Amino acid sequence: MKYDPREIEPKWQKKWLEERVYEPDLDGAKKPFFNLMMFPYPSAEGLHVGNMYAFTGSDIYGRKKRMEGYDVFEPIGLDGFGIHSENYAMKVGTHPVDQAKKSEAHFYDQLQKIGNGFAWNERVETYKPEYYHWTQWLFVQMWKHDLAYRKRQSVNWCPKDQTVLSDEQVEDGKCERCGTVVIKKELEQWSFRITKYADQLLNNLEKLDWSEKVKIAQKNWIGRSEGAEIEFKIQDSISNIRVFTTRPDTLFGATYLVVSPEHPIIENLRSKIENWPAVEKYITEAKSKNNEERSAEGREKTGVELKEINAINPANGEKIPVWVADYVLGSYGTGAIMAVPAHDERDFEFAKKFHLPIRIVFPPIDIAEFGNASLDEFYKGSVFPGLGKDSLLVNSKKFDGMDSETAKKEITKFVRGELKTQFRLRDWIISRQRYWGPPIPMIFCDACAKAEKGEHKDMPGWYAVDEKDLPVLLPYVKDFRPTGSGVSPLATDKEFYEVKCPACGATARRETDVSDTFLDSAWYYLRYLDTRNEKSALNDARVKHWLPAALYTGGAEHSVLHLLYVRFVAMALHDWGFVDFEEPFKKFRAHGLIIKDGAKMSKSKGNVVNPDEYIANFGADTLRMYLMFLAPFEQGGDFRDAGVLGIERFLKRVWQYAGNKFSAVPAEAGIHVSSEKEIHSLLHKTIKKVTEDIEDLHYNTAISALMILLNGFEEHGTTKDDFGIFLKLLAPFAPHVTEEIWRETFGHATSIHHESWPVHDPKWLIADTVTIVLQVNGKMRGTLQMDASVTEEDAKAAALADENIKRTIGSAAPKKIIYVDKKLVNIVI
RNA sequence: GCCCGGGUGGCGGAAUGGUUUACGCAGAGGACUUAAAAUCCUUGACCCGAAAGGGUUUGUGGGUCCGAAUCCCACCCCGGGCACCA
């Protein structure tokens, strides 16, 4: 019989569903193992081979855990809300509501075919009211706990997608989705106070077993800096300017201040600024500049002095000028800095351009390199003095001679500054001016606003939709295209937005923006545990039982998007008492990227691989194994058609071997084994290797070990029992063909995927003989087979007696002989 | 610029202080076949050599060590992340 995956794969997929092979008992599971993978956006033409790569890698791990006796829960769903899906619907000219149905059917059909052990009964689709009901509930909780707020602010706006974006969705000044250059807009938006958790998000990282690069990316994104806030008085004014600095020890070197164009002090001092028109012109221009324009200028420093405004350096009472420049960001720290041009490269550049004084307070140790130049000449040069390592303070009065660390504390204390920690992380802007998302469940009443009434004193007029009135259904709006006017298409549907004020009964208005897709995916894993629950977002008992998830797998591109948001939401839920963990995923592993012809797959390059045709031609088992054999799972690899053949041959050989050797022979007869010791030793080595490699996600080497074992079987023969062990080891990789052989050829009644995982017997790993490597001066000159009980003396003697060694050494007397137990003899002459 | 990965045969990769190139792909030779495909067997870094064997080789240069792809220093190249964050 021929190996025909087209026949056996659908057969077992159907049977697994009927027999509920992959449905754990969510309430009674004894050893729960939540094997979670990032669910796909069903936005494009279909499942991508990159998705399949990710899912297969996760599934193999889950299948092994199942065989090790865990109750593995491996759910799947669709992250179907959001701009991805909406843009796709626009492109193909379908309404997102209708497109969602099509995409859903197509995706689930494809996902069915890849042969993962999904718990198909517990699916989640983020665009269904029974799901987004609870996304809205989550928003209401954020509001109730003062983590959601509405504020007018400068935001990132994508002119193509016509919506606001969060900071995390802007990459290199461009929209993360479409690559359009993002511009700044002043808009009133809903945000979540993720910054409240900045410390916790950072500190918890240490305890997490996550891919290191993801942890580093999050750490950089959160961007914690220790420093101090120091107040500078303005001469002849009651105003002052607070600056944030990480180097308060260089305060005596501060020769001017710089404020950002957004800084309120500029407006406050307007009447005193002698050159106001020039200043006004500068700040207007600076505010309108987008990132691209800024980088096009090559970051050449620009700025204008606030003439007639002087600040007083609190350390030495010096009068120093104040400038406005856009190299200081309004959104970070206090929006103002003290400039220490001798020791900060940006300040140095600026000072040189505008001829501002430069004063060294930490002399470079290697000042000798610059000859005997006076400090004056030294800093007139183009070489930035930098910060002399371990150098001691000068020009700092009573602090002269102090080291940096001590001076930070002492000088801060001296000027009554405040030690402070700053974060780069900013709040998560959650509202989107698009159609395809969960409506934000808030109502605004104008009458209440005027009367200063509402649920939150800082946001009069705003009320959350009562929880019993959720979900706020997304209406079917015919023209769902973004309006571009800063409001969502929902704002055109009067029936939707016109409501009665929950407090005073006056005519009020619903919020018409929808929430960011990343909110949908920030809690989906919780919903998997009770997808049909109509009473509550989560099932407490199951949450306790199954979470935090044992393993989460997904792409590293979500390092600072999804993976940060999902942690934040878990921390909030924890603080509100809904879950008992702060971190939702104990272990996270980022898989590599599948590329094609050395380039990322993309439609524009025309190098996207669709898994369907490969599954149709070779079968899912072959494609699964091929993808896993390419390279280590965490590395990714280049997809090349030719390589698929190697795996196809391997599986055919497995099929042939099983059929030829075992189908006709009675079970108890076994078959002839020509070299029992050798083949058993190989078998148990393989069990050990495959077990360890799967644990490390080194699927490529596990597969290679299985190939070596099959080669051994073909050469030496094996027994039916031992071949059964091989099948079990292969089962996570090729679930269909192993099931077919296990049940049809071998006649077992139950699934191989519920068999127990093989355990190696150490007695077979003890070798009778060892190979001793012979070296002369570290160069290999031969090998010797010796009994495993060989002693150092025997090995050395045998080495010296070796013909080749004798010839190499000649008449020279060995100076030294290195012996590594049962491994190597190195003769030094 | 800063922070992470990485650089090994014709190719994907294996080896993290002790036999470089496991496993697979492609190649070459052979068997089977009227023929082809499929399958199987042999071979397989490079140079010298008939062979035994010797020499060279893990991006480049240096170092540590009896011994380095592996550890250390400097540099080059590729991929990814951050980027005027004070």
Side-chain angles (χ1 to χ4, degrees), chain A residues 2 171-173 211-221 223-225 227 243-247 250 254 258 260 291 294-295 299-301 325-329 331-340 343-347 349-350 422-426 556-557 559-560 592-593 595 598 600 625-626 629-632 634-650 652-653 656 698 700-708 710-711 714 771-783 803-804 807-808 814-820 823-829:
Chain A
K2 243 185 83 182
E171 285 177 358
D172 205 17
S211 294
E212 210 50 37
K213 61 177 175 179
V214 171
K215 293 211 276 187
I216 290 166
Q218 291 214 353
K219 200 175 158 196
N220 291 342
W221 188 262
R224 181 187 160 110
S225 297
V243 304
F244 173 72
T245 177
T246 55
R247 297 301 304 259
T250 61
V258 189
S260 68
N291 293 351
R294 280 194 182 189
S295 52
R299 284 189 192 147
E300 172 81 16
K301 298 278 180 294
D326 67 3
Y327 83 91
V328 173
L329 307 176
S331 52
Y332 183 78
T334 60
I337 61 152
M338 63 179 208
V340 185
H343 305 301
D344 181 282
E345 207 155 355
R346 294 152 301 181
D347 298 342
E349 249 177 68
F350 192 80
Q422 279 293 339
F423 294 93
R424 172 182 319 202
L425 181 70
R426 272 166 251 164
E557 67 274 19
S559 297
V560 291
L593 208 62
I595 56 173
K600 219 171 172 167
M625 284 191 75
Y626 168 62
F629 188 56
L630 271 180
E634 292 179 83
Q635 184 187 306
D638 203 339
F639 191 96
R640 318 179 77 222
D641 291 11
V644 181
L645 295 174
I647 297 291
E648 198 196 21
R649 280 179 201 145
F650 170 72
K652 273 186 186 168
R653 276 164 56 210
Q656 292 295 337
H698 290 167
N700 57 331
T701 47
I703 291 170
S704 138
L706 289 166
M707 289 172 166
I708 293 168
L710 181 66
N711 292 345
E714 285 177 339
T771 306
I772 307 271
V773 173
L774 305 181
Q775 294 185 336
V776 177
N777 288 343
K779 274 199 176 23
M780 225 266 285
R781 295 293 166 190
T783 57
E803 284 306 319
N804 206 23
R807 188 152 25 85
T808 312
K815 275 189 211 143
K816 197 166 152 189
I817 302 177
I818 311 274
Y819 176 71
V820 180
K823 253 188 183 168
L824 165 137
V825 177
N826 183 17
I827 300 160
V828 186
I829 53 169

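Small disclaimer: the values here were computed from a predicted structure and weren't measured. Side chains included, hydrogens not; waters and symmetry mates left out as well; all remaining heavy atoms used. A note on names: the letters A, B, ... follow the listed sequences, proteins ahead of strands, and every chain is numbered from 1.
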Taking atom [atom1] in both [N] and [M], what distance in whole Å separates the two?
N	M	atom1	result
B:G55	B:G61	C1'	22 Å
B:A83	B:G10	P	41 Å
B:G12	B:U21	C1'	13 Å
B:A31	B:A38	C1'	14 Å
B:U16	B:G6	P	14 Å
B:U57	B:C48	C1'	15 Å
B:G62	B:A52	P	33 Å
B:U8	B:C66	C1'	25 Å

[X] has an atom [atom1]; how far is it from atom [atom2] of [N], in whole Å?
X	N	atom1	atom2	result
A:Q775	B:G54	CD	C1'	17 Å
A:R426	B:A83	CZ	C1'	12 Å
A:I216	B:C3	CD1	P	11 Å
A:Q218	B:G81	CD	P	15 Å
A:N220	B:G80	CG	P	17 Å
A:F639	B:C25	CZ	P	15 Å
A:L710	B:C40	CG	P	10 Å
A:L329	B:C82	CG	P	16 Å

Look at [X] and [N] and indicate whether a side-chain polar atom (N or O) is within less than 4.0 Å of OP1 or OP2.
X	N	result
A:R649	B:G24	no
A:T701	B:A22	no
A:K213	B:G5	no
A:R781	B:G55	yes
A:N700	B:A14	yes
A:Y327	B:A86	no

Is the shortest heavy-atom distance from the side chain of [X] to the side chain of [Y] under 4.5 Å?
X	Y	value
A:F650	A:L706	yes
A:V773	A:M780	yes
A:K213	A:S559	no

remark   = Comparing A:Q422 with A:I647, nearest RNA chain B nucleotide closer to 5' gives the residue A:I647
key: Along RNA chain B (nearest heavy atom to each residue), the more 5'-positioned of A:M338 and A:K652   =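 Residue closer to the 5' terminus by nearest nucleotide: A:K652.
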query = Think A:K301 forms a cation-pi with A:F350, using NZ or CZ under 6.0 Å from the six-ring centre and within 45 degrees of its axis?
reply =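 No, cation not above the ring by the 6.0 Å, 45° rule.
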Go through the N and O atoms of the side chain of [X] and the base of [N], and report whether any donor-acceptor pair is under 3.5 Å.
X	N	value
A:K815	B:C66	no
A:Q635	B:G5	no
A:N826	B:C66	yes

request  = Calculate, to the nearest 0.5 Å, the distance between atoms CD1 and CZ belonging to A:I337 and A:R247 respectively.
outcome  = 14.5 Å
For [X], answer base if it contacts any base atom (sugar-phosphate contacts may also be present), sugar-phosphate if it contacts only those atoms, and nothing otherwise; contact means non-hydrogen atoms under 4.0 Å.
X	value
A:I818	base
A:V828	sugar-phosphate
A:N711	sugar-phosphate
A:L593	nothing
A:R653	sugar-phosphate

request  = Quick one: look up who B:U21 pairs with, Watson-Crick or G-U, both distances under 3.5 Å, and put none if it's unpaired.
outcome  =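 Paired with B:U21, as far as the under-3.5 Å criterion goes, is no nucleotide at all.
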Measure from the side chain of [X], starting at C-beta and using heavy atoms only, and say which of [options] lies closest.
X	options	value
A:T771	B:A83, B:G54, B:U19	B:U19
A:R640	B:C4, B:G54, B:C11	B:C11
A:T246	B:A86, B:C66, B:U39	B:A86
A:L824	B:A22, B:G54, B:G18	B:G18
A:V773	B:A22, B:A83, B:U19	B:U19

Residue pair A:Y819 / A:N826, side-chain donor-acceptor N/O under 3.5 Å = no
